[in-house]
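In what follows, a single structure is set out as C-alpha cells and then discussed.
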Amino acid sequence: QECHDRIAQVAARSYEDAVAKEAIELGNVLVKLCDDLSGTELKDDFFEAYVGPYDVANFVSDLLAKEITNGASCLCDAPTEDLTIKAAKIREEVEQLEAE
C-alpha cells in the first residue's frame with residue numbers, strides 16, 4: 001500500500017537525518033522518529049495503515065537495538081557509511097512489515 005511506503009520513507013529520512021546530525025544514540029533516534037512521524041503530513045497514512053507514529057518509531061528502535069546486539073559493541077562506534085546502509089535496510093524491513 002502507498003501509505004506504508006510514505007510512512008517508511010519518512011522514517012528512513014528521519015533516521016538518516018539523525019545519523020547525519022550525529023544524534024545516533026538510540027534514545028535520540030527514537031525521539032526524532034516520533035517527532036518526524038507525528039507530523040500532520042502522515043495523519044491520513046497512519047489512519048489507513050492501522051498503526052501510529054509511535055508504533056513505527058518503536059519498531060525502528062527495536063530493529064536498531066537488534067542490529068547493535070548482532071556484533072556491534074555500540075552504534076556510536078559504527079562508521080556513518082555503515083549507518084546509512086543500515087538505514088536503507090531498516091527502510092526495507094519497515095516496508096515489509098507494514099505490507100503484511
Side-chain angles (χ1 to χ4, degrees):
Q1 291 179 327
E2 290 180 23
C3 62
H4 297 133
D5 186 47
R6 287 188 293 271
I7 291 168
Q9 288 174 0
V10 172
R13 185 175 50 227
S14 179
Y15 173 74
E16 290 168 347
D17 289 348
V19 170
K21 294 177 182 173
E22 297 183 10
I24 54 177
E25 291 290 327
L26 190 55
N28 294 341
V29 173
L30 179 61
V31 169
K32 176 146 181 49
L33 282 164
C34 288
D35 288 348
D36 291 351
L37 291 168
S38 295
T40 57
E41 161 190 1
L42 296 173
K43 183 179 178 182
D44 293 335
D45 292 318
F46 281 117
F47 180 77
E48 185 179 339
Y50 300 108
V51 296
Y54 299 103
D55 300 318
V56 175
N58 284 326
F59 177 74
V60 171
S61 69
D62 288 348
L63 285 174
L64 288 171
K66 182 179 174 184
E67 287 290 322
I68 291 169
T69 59
N70 285 338
S73 60
C74 176
L75 185 59
C76 58
D77 291 338
T80 302
E81 180 179 309
D82 291 346
L83 297 175
T84 303
I85 292 168
K86 286 182 183 180
K89 182 178 177 182
I90 289 169
R91 180 184 311 125
E92 290 174 18
E93 291 178 1
V94 168
E95 289 172 356
Q96 288 175 355
L97 177 74
E98 291 182 340
E100 295 176 352

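These numbers were taken from a predicted model, which means no experiment stands behind them.
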K32 side, atom NZ; E16 side, atom CD - distance, nearest 0.5 Å: 11.0 Å
Test side chain to side chain contact (heavy atoms under 4.5 Å, CB included) applied to V31 and D35, N28, V29, L33, the passing residue: D35
Just list the side-chain donor-acceptor pairs under 3.5 Å for residues 55-64, sequence neighbours left out, or say none.
{"from": "D55", "atom 1": "OD2", "to": "G52", "atom 2": "N", "distance (Å)": "2.7"}
{"from": "N58", "atom 1": "ND2", "to": "Y54", "atom 2": "O", "distance (Å)": "3.0"}
{"from": "S61", "atom 1": "OG", "to": "A57", "atom 2": "O", "distance (Å)": "3.4"}
{"from": "S61", "atom 1": "OG", "to": "N58", "atom 2": "O", "distance (Å)": "2.9"}

